[in-house]
Amino acid sequence: MDESKKIATRQSYGEKLAELGENNEEIVVFDSDLSEATKTCIFAKKFPNRFFDMGIAEQDMISTAAGVATFGKIPFASTFAMFATGRAYDQIRNSVCYPNLNVKICASHSGVTVGEDGATHQMIEDIGLMRGLPNMRVMCTSDDIQTKWAVEEIAKLNGPVYLRLCRLATPVIYNENQKFEFGKAVQIGDGEDATIFATGVVVSEAIKAKEELEKMGINVRVIDIHTIKPIDKEIIIKCAKETKKLISIEDHSIIGGLGTAISEVLTEEYPAKLIRMGIKDTFGKSGKATELLEYYKLTATAIIEEVKKQ
Amino acid sequence: MKIKEIKELQGYANKIRKDVIEAVYNAKSGHPGGSLSIAEILAVLYFNQMNIDEKNPKARGRDRLVLSKGHTSPALYSALALRGFFEEDKIKSFRNIESILQGHPDMLKVPGVDCSTGSLGQGLSIANGMAIASKLDSEGVRVYCICGDGEIEEGQIWEAAMTSAHYKLDNLCLIIDNNNLQIDGKVTEVMNVYPIDEKFKSFGFETINVDGHNITELIQAFEQAKKIKGKPTAIIANTIKGKGVSFMENQAEWHGKAPNEEQYKKAMEELNNIK
């Protein structure tokens, strides 16, 4: 992990999307007046004919993308996670998922790491909302390299995908040669004292915690779950068998998100206790992203405390 | 237009009405009122206007229809069956657990259905998407979208109306089935949407008012719409909810109710007597 090099996953998304547009003419991009923030502006500048700003009208954007998809195009629709999945939930359900249309919903500004804008803009229920939809696949990526891979991967998949992106710049975790597979989590380390399942913006915190704990003689592993649906059942069961403690961490509500998805697997396949770190049934608030991570106990320090608890 | 052809189209509209009653009676549920009001609109689109091929329902350059008021699916299913997309006897399986004919249209199940709809207010946006895609590929596809007058109370319709005009979707033709009634009563009393034509005009549409049960007027309107460049067209079709069945006409209670056996027989008798 390179802590000196920090990139927000929204930036990686925007860059990769513009790159994909060069070789794939079927890619059409939609935004709802937030292209500078979601970084679809990079694509827009390069391919103005295939970029459609829909104004501040997310419901219309999602259904329009669905219509475009019926012609065999590959629409990417972006806005903040709050407005994509909250405002346009019915449209995602009925216009996109029910007819299984090839729409990629790539939403930035998820979680409390939105920062200063506060609770109305900090979407912490989106994984839960999207995970419950038949035909929908859900991804939440942790760094620049993984996000760029994911954007290319979902362009190849046929059917609806929700990709959860972040505003906060976080360390680059992987090197260029890292191999990823859709639906397969990445295991970092093989410690047996605890497993830390993490997704998205907090994976780097989990890795930091792992490194600090090693110095204290506590060996943990980090499981970076980039694909939340379908979830990697195999690795969850394996870790439940091999490690003494299970912790999940996400910049999302503990209701409906990664922790819930893991609990569902454990309950049915290998009952074990899981400690869910995340937003505990409350709204976010204004503040610097890093302050909020501390406030909601989503930092390496908080993970270390949890691992060391008896 | 020859009188013979107009009579033929009227014949299809009457057949659609009989199928609607048949479908809803057999299912013991469904929405006859708004299905009966769009019979002529669908007859003209499917038998006079749309460039479609029942042998190749997914043909690339075909014209598209989005039935945004998806609850009036029995009328659409009838038009598609009459056009030969599937066997007519399927109509009787409407809403049955084994049937491809869902309560609301499912594009993955029914040949000829271009769009799944049901949750009101989404169809115009989807139709816009189709019109945009067609323009990107210069395919010359015309996209038709049928909305109810009550349906345009949905806010998304007005988001979509802005989009249709903003992106100059002259290959898009919206038809408003203006039958004046919605579930809770008169549109003017539940939530007034009037003046419909002025609203769409101010949003940048060309608007055409027609008698939605007059075949000639409908054909003329669709032909006029094809000639309009640089902006979308909205045809406001003035219709009668429940048209063709005396006791259903202009009665809000027949929005979503199936006839009993006696009512079914009376309705079919009336429709059979239409020359």
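A note on names: the letters A, B, ... follow the listed sequences, proteins ahead of strands, and every chain is numbered from 1.
For B/Lys229, the NZ atom counts as densely surrounded, since its 6.0 Å shell holds more than 12 non-hydrogen atoms of other residues, nucleotides or ligands. Summarising the local packing, CG of B/Asn56 is surrounded by more than 12 heavy atoms from other residues, nucleotides or ligands at distances under 6.0 Å. Other residues, nucleotides and ligands place no more than 12 heavy atoms under 6.0 Å from the CD atom of A/Glu234. Atom CZ of A/Arg87 is surrounded by 12 or fewer heavy atoms from other residues, nucleotides or ligands within 6.0 Å. In the displayed structure, B/Arg95 atom CZ is contacted under 6.0 Å by more than 12 heavy atoms of other residues, nucleotides or ligands. Counting non-hydrogen atoms of neighbouring residues, nucleotides and ligands closer than 6.0 angstrom, the OH atom of B/Tyr194 exceeds 12 such neighbours. Taking a 6.0 Å sphere around NZ of A/Lys285, one finds it holds 12 or fewer heavy atoms contributed by other residues, nucleotides or ligands. Summarising the local packing, NZ of B/Lys168 is surrounded by 12 or fewer heavy atoms from other residues, nucleotides or ligands at distances under 6.0 Å.
With a 4.5 Å cut-off on non-hydrogen atoms, A/Leu101 touches chain B through its side chain but not through its backbone. Heavy atoms closer than 4.5 Å to chain A are found in both the backbone and the side chain of B/Ala160. Within the 4.5 angstrom heavy-atom criterion, atoms from both the backbone and the side chain of B/Ser134 approach chain A. B/Val141 touches chain A through its side chain: at least one heavy atom from C-beta onward sits under 4.5 Å away, while N, CA, C and O do not.
Taking the side chain as every heavy atom from C-beta outward, B/Asp106 and A/Tyr98 approach each other to under 4.5 Å. Taking the side chain as every heavy atom from C-beta outward, A/Thr70 and B/Met107 approach each other to under 4.5 Å. Between B/Gln122 and A/Asp90 the shortest side-chain heavy-atom distance falls below 4.5 Å. In this structure, the side chains of B/Asn128 and A/Phe52 stay at 4.5 Å or more apart for every pair of heavy atoms. Contact of the B/Met130 side chain with the A/Val68 side chain is not registered, since no non-hydrogen atoms from C-beta on lie closer than 4.5 Å. When side chains are defined from C-beta on, B/Leu108 counts as touching A/Asn100, because their heavy atoms get closer than 4.5 Å.
Counting heavy-atom pairs closer than 4.5 Å to chain B, the top-ranked of the candidates A/Gln91, A/Lys73, A/Met54 is A/Gln91. Note on A/Ala66, A/Gly67, A/Gly55: by heavy-atom pairs under 4.5 Å with chain B, the leading option is A/Gly67.
Taking OG1 of A/Thr64 as the reference point, atom CD of B/Gln156 lies at 7.5 Å (rounded to 0.5 Å). Interatomic distance, A/Gln59 CD to B/Ser119 OG, rounded to the nearest 0.5 Å: 9.5 Å. With rounding to the nearest 0.5 angstrom, the OG1 atom of B/Thr163 is 11.0 Å from the CE atom of A/Met61. To the nearest 0.5 Å, atoms CZ (A/Arg50) and CG (B/Leu136) are separated by 8.5 Å.
A cation-pi arrangement, defined by a distance under 6.0 Å to the six-membered ring centre and an angle within 45 degrees of its axis, is present between B/Arg64 and A/Phe71.
When all heavy atoms of B/Glu159 and A/Asp60 are compared, the closest pair comes out as OE1-N, 3.0 Å.
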